[in-house]
Engineer: 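First, the structure itself, so that you have it in front of you.
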Amino acid sequence: MAAAAGGERWSLAGATALVTGGSKGIGHAIVEELAGFGARVHTCARSAADLEECRRRWAEKGLRVTVSVCDVAVRTGREKLMDTVKATFDGKLDILVNNAALLILKPPAEYTAEDYSLIMATNLESCFHLSQLAHPLLINASVAGGGSVVHISSIASFLAFPQEALYNVTKGT
């Protein structure tokens with residue numbers, strides 16, 4: 001990011017960004033901040049209704065945000081998402097924010113193999129795979145210093161929350 005003239009703190013004009021899990025929470029705030037600084041942002045989430053509501057509000061604010069439905073736990077979904085990003089941003093991506101995560105609250109002894117697989121695919125595997133898929137697009141980054149990949153971690157990686165054991169494992173940096 002570079003300091004902009006005219007009193008603005010930063011400008012990301014011309015930059016492109018993908019933020020996973022952008023319809024709620026931290027992801028939603030990141031989408032708004034990046035778009036507010038002038039970046040073109042694409043975000044995804046599992047809920048089409050949530051995404052459409054967000055897209056409408058962002059458009060009303062004049063923010064340049066596109067959306068698509070994607071469950072990042074699904075490999076083919078991630079591949080389709082990156083194809084969409086590639087087409088939307090003409091083969092270039094400046095910023096990838098791996099934000100999407102899943103939390104299942106239950107005592108550790110009650111987690112099933114399916115719970116484990118779903119949390120690992122969503123919170124861990126998706127970050128690695130999306131970073132691999134984004135690499136060819138990040139090489140073409142237009143921002144100073146090249147493309148950036150940001151993985152959202154959590155204090156849960158340092159503190160033991162008994163009902164969040166699997167989530168805790170996946171959120172370290």
Engineer: Which residues pass the side chain to side chain contact (heavy atoms under 4.5 Å, CB included) test with A39, not counting sequence neighbours?
Structural biologist: L12, A15, L34, V41
Engineer: So which atom in L96 and which in A134 form the shortest heavy-atom distance, rounded to 0.1 Å?
Structural biologist: CD2-CB, 3.9 Å
Engineer: How would you list all residue pairs meeting side-chain hydrogen bond (donor to acceptor under 3.5 Å, both in side chains) that involve residues 13-24, not counting sequence neighbours?
Structural biologist: T16-D94, K24-D50
Engineer: By salt bridge (Lys or Arg N to Asp or Glu O under 4.0 Å), which residues pair with R64, not counting sequence neighbours?
Structural biologist: none
Engineer: Taking only residues two or more places apart in sequence, or in another chain, which ones meet Q132 in a side chain to side chain contact (heavy atoms under 4.5 Å, CB included)?
Structural biologist: F128, H129
Engineer: Over all heavy atoms of both residues, which pair between G14 and K92 is shortest? Give the atoms and the distance, please.
Structural biologist: O-NZ, 3.1 Å
Engineer: Let me check something: do L93 and V149 share a hydrophobic cluster, defined by ILVMFWY side-chain heavy atoms less than 4.5 Å apart, either directly or through other members?
Structural biologist: yes
Engineer: Shortest non-hydrogen contact from A165 to P108?
Structural biologist: CB-CG, 3.9 Å
Engineer: Output all residues satisfying side-chain hydrogen bond (donor to acceptor under 3.5 Å, both in side chains) with D115, sequence neighbours left out; order by chain, then residue number.
Structural biologist: K106, T112
Engineer: Just checking, any donor-acceptor pair under 3.5 angstrom between side chains of H42 and T66?
Structural biologist: yes
Engineer: Could you walk me through whether L18 and V97 pass the side chain to side chain contact (heavy atoms under 4.5 Å, CB included) test, one step at a time?
Structural biologist: CA-CA 6 Å; L18 168 61; V97 180; over 6 Å; no
Engineer: Closest approach of G22 and V31, non-hydrogen atoms and distance?
Structural biologist: CA-CG2, 4.0 Å
Engineer: Which other residues belong to the hydrophobic cluster containing L105, where Ile, Leu, Val, Met, Phe, Trp and Tyr are joined when side-chain heavy atoms lie under 4.5 Å apart, directly or via other members?
Structural biologist: L103, Y167
Engineer: For the atom pair NZ (K86) and CG (L133), what is the distance rounded to the nearest 0.5 Å?
Structural biologist: 11.0 Å
Engineer: Is the closest side-chain heavy-atom distance between C70 and K80 below 4.5 Å?
Structural biologist: no
Engineer: So which residues get pulled into M120's cluster when ILVMFWY side chains under 4.5 Å apart are joined, directly or through others?
Structural biologist: L102, I104, Y111, Y116, L118, I119, L124, L166, V169
Engineer: Check the pair N168, F161 against side chain to side chain contact (heavy atoms under 4.5 Å, CB included), reporting the backbone distance first and the verdict last.
Structural biologist: CA-CA 7 Å; N168 296 358; F161 297 108; 4.1 Å; yes
Engineer: Please name the pair of heavy atoms, one in I152 and one in N99, separated by the smallest distance, quoted to 0.1 Å.
Structural biologist: CG1-OD1, 3.7 Å
Engineer: May I have all residue pairs that pass ring-ring contact (aromatic ring centres under 6.0 Å, His included) and include part of residues 52-71, sequence neighbours excluded?
Structural biologist: H28-W58
Engineer: Are N98 and V150 packed together at the side-chain level, in the sense that at least one heavy-atom pair is separated by less than 4.5 angstrom?
Structural biologist: no
Engineer: N123: what forms a side-chain hydrogen bond (donor to acceptor under 3.5 Å, both in side chains) with it, not counting sequence neighbours?
Structural biologist: T170
Engineer: Which residues pass the side-chain hydrogen bond (donor to acceptor under 3.5 Å, both in side chains) test with R46, sequence neighbours left out?
Structural biologist: none
Engineer: With rounding to the nearest 0.5 Å, note down the distance linking CG in L130 to SG in C44.
Structural biologist: 7.5 Å
Engineer: Quick one: which residue pairs count as a salt bridge (Lys or Arg N to Asp or Glu O under 4.0 Å) with a foot in residues 151-168, not counting sequence neighbours?
Structural biologist: none
Engineer: The criterion is side-chain hydrogen bond (donor to acceptor under 3.5 Å, both in side chains); which residues satisfy it with E110, sequence neighbours excluded?
Structural biologist: none
Engineer: Give the minimum heavy-atom separation between L81 and S68, together with the two atoms involved.
Structural biologist: CD1-OG, 3.5 Å
Engineer: If you round to the nearest 0.5 Å, how far is CZ of R56 from CD of E60?
Structural biologist: 4.5 Å
Engineer: Is there a side chain to side chain contact (heavy atoms under 4.5 Å, CB included) between M82 and L137? Walk through the geometry before answering.
Structural biologist: CA-CA 9 Å; M82 203 53 68; L137 307 181; 3.7 Å; yes
Engineer: What's the verdict on side chain to side chain contact (heavy atoms under 4.5 Å, CB included) for E79 and T76, showing C-alpha distance, side-chain angles and the deciding distance?
Structural biologist: CA-CA 5 Å; E79 291 166 348; T76 56; 4.2 Å; yes
Engineer: Mind checking whether V65 and R55 have side chains closer than 4.5 Å, heavy atoms only?
Structural biologist: no
Engineer: I need the H135 NE2 to N140 CG distance, nearest 0.5 Å.
Structural biologist: 10.0 Å
Engineer: Would you give the length of the straight line joining atom CZ of R78 to atom CG of D83, rounded to the nearest 0.5 angstrom?
Structural biologist: 13.5 Å
